[in-house]
There are 2 protein chains.
Amino acid sequence: MTTRVQAQVTSRRDRLREATLAEIHEAARGLLTSRGSDAVTMNAVAREVGMSGPALYHYFKGHEELVGAVTARFFRELTGEMEAARDAHAEDSLDIRLLATCRAMRAWATAHPAEFGWIFARPIPSVHHEPGSARLVAGERFETVLRDQVMELWETRPFPVPDLTELAPSLREQLHAYAESVGGRLPPEAAHVFLTCWSRLYGLLCMEVLRQLDSVYSDMEPVYEECLRELAGLLGLEYDGGGR
Amino acid sequence: MTTRVQAQVTSRRDRLREATLAEIHEAARGLLTSRGSDAVTMNAVAREVGMSGPALYHYFKGHEELVGAVTARFFRELTGEMEAARDAHAEDSLDIRLLATCRAMRAWATAHPAEFGWIFARPIPSVHHEPGSARLVAGERFETVLRDQVMELWETRPFPVPDLTELAPSLREQLHAYAESVGGRLPPEAAHVFLTCWSRLYGLLCMEVLRQLDSVYSDMEPVYEECLRELAGLLGLEYDGGGR
DNA sequence: AAGCTGCCTTAGAAGCTCTAAGGAAACATA
DNA sequence: TATGTTTCCTTAGAGCTTCTAAGGCAGCTT
């Protein structure tokens, strides 16, 4: 179709559309944070950006897709914050960089609990796990930020790993498959350590944002720090105090 | 009002009402598991039990309250399963009993993912954290099942505890407050160990049911078992193989 | 200049939550 | 036994929602 104008990536129309899309995302986010999940309706979002109702269906196939797109954008924002923290410590040691990345994750999550809630607690009901979905792509990039750093750590200064033969055969196979799937840069033993760290940290953060520990802790910050200290131990990192 | 008939706790009407309530809960659950969270509407539930629409408002103030009541019932069912597992091993060692309780938790959660999802991922949007809410009472009883066993363990065969002075002051204070709040049967050090175990286990289960680790593990059972093995180590329990 | 495409509109069907008003049956009381 | 109250359920309806259908208009392409 567009053979000659291929070079001109952003036509006037494209730019307008992009601006409208950004406005829509902003409106949806505003409704989410100010009036809750249920307030993010097609009509309300459309009202907010100044168009009336069904116009939104030119941008999204339906409510579900809008929520999915907004969620993916949140996911990218979170990942971006983590990458920014990583890059801000490009000159520092890997130890400091890794911990800073982890802290950036919690910082964004606790500053944007509703958004973070959508990231992991939304896709329960509808099972839209299509392979190429923006949600999954964003999730992949998310996981990569820390994984890459652990890979770098492994390659420059290997951390102690457990004996895999003590694990259940099924788990061992899964670890092999995972190690394979990430390009073999981590052997299964190291993958196990990374995944242990990852699920402890991410799990703790989920619990905090889902407020499952409200009756136990009034301030989760030192709990998260304590978890980081443990992970530093597992990965042979030097833990830099509270990081204040 | 009812002065003389006070003794007769369940009148004919009460029994009828109770039966209708049970039917409503059953219908709501059926809709949730078969057609997803969004299918649990007042109208649909009413249709399912054979009454038309607004009749449900004689049983619940609104949609929110119905969902809350159903969720609390799920919570009680989960706790009941854990208590049943505990009682089924009343003759066995505390080690076996504790692990069985933890396994019962995952067994129910994985067998009823939608229900478990409501338990922890529902109350994000609406901030209904009233002190006496059925949700919180159920949560308290839930946490108690394991906590009581860890208390018993602590009193009969204390597990190793870390030095609290290495922890952040804020965390130390919170642990003291928590130890206080559970009747002083656990010192802050032991409370810290229990809470570490609890949040690791519960966090991992949340991640599994929220399907946050789908791209990593295909079967979380051995991962959960591995976590249990670690916790057994922390608590000085004898770990009984896969438990198969 | 003519046509296609993209953006937006209003109309409207179907379903949702929830309130209002009222009938019928069961219970309590005089 | 007669009367009143409470409980359970009904229909009607307002005001939301999602989403489809049909059409107008502006701007890009040819």
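The chains referred to below are lettered A, B, ... by the order of the sequence lines, with proteins before strands, and numbering in each begins at 1.
- Picking from D:dC19, C:dT17, D:dT17 the nucleotide with the shortest atom distance to the side chain of B:M42 gives C:dT17.
- Taking atom CD of residue B:E48 and atom P of nucleotide C:dC16, one finds them 12 Å apart after rounding to whole Å.
- Contacts of A:F60 with the nucleic acid, taken as non-hydrogen atoms under 4.0 Å apart, are absent.
- Note on B:E140 versus B:R147: salt bridge recorded, some NZ/NE/NH1/NH2 to OD/OE distance being below 4.0 Å.
- If you take NE2 of A:H63 and C1' of D:dC16, they are 13 Å apart, rounded to a whole angstrom.
- Here D:dT18 is the nucleotide among D:dC9, D:dA12, D:dT18 with the atom lying nearest to any side-chain atom of A:N43.
- Side-chain to base pairing of A:H58 with C:dC8: one donor and one acceptor N or O lie within less than 3.5 Å of each other.
- A donor and an acceptor atom, one from each side chain of A:Y224 and A:E208, are nowhere located under 3.5 Å apart.
- To the nearest 0.5 Å, atoms NZ (A:K61) and CG (A:L66) are separated by 13.0 Å.
- Considering only side-chain N and O atoms, B:R17 lies under 4.0 angstrom from the phosphate OP1 or OP2 of D:dC8.
- Atom-to-atom, CG of B:L66 to P of C:dC16 comes out at 14 Å; the value is rounded to the nearest Å.
- In this model, the phosphate group of C:dC8 is approached by a side-chain N or O of A:Y59 to a distance below 4.0 Å at OP1 or OP2.
- Centroid-to-centroid, the aromatic rings of A:F142 and A:Y202 come within less than 6.0 Å.
- Closest to the side chain of A:P54, out of D:dT11, D:dT18, C:dT10, is C:dT10.
- One interatomic measurement links the two molecules: NZ of A:K61 to C1' of D:dC19, which rounds to 13 Å at whole-angstrom precision.
- We find that CD of B:E18 is positioned 15 Å from C1' of D:dT7, with the value rounded to whole Å.
- Rounded to whole angstrom, the span from the OH atom of B:Y57 across to the P atom of C:dC16 amounts to 11 Å.
- At a threshold of 4.0 angstrom between heavy atoms, the contacts of A:T41 are confined to the sugar-phosphate backbone, with no base atom among them.
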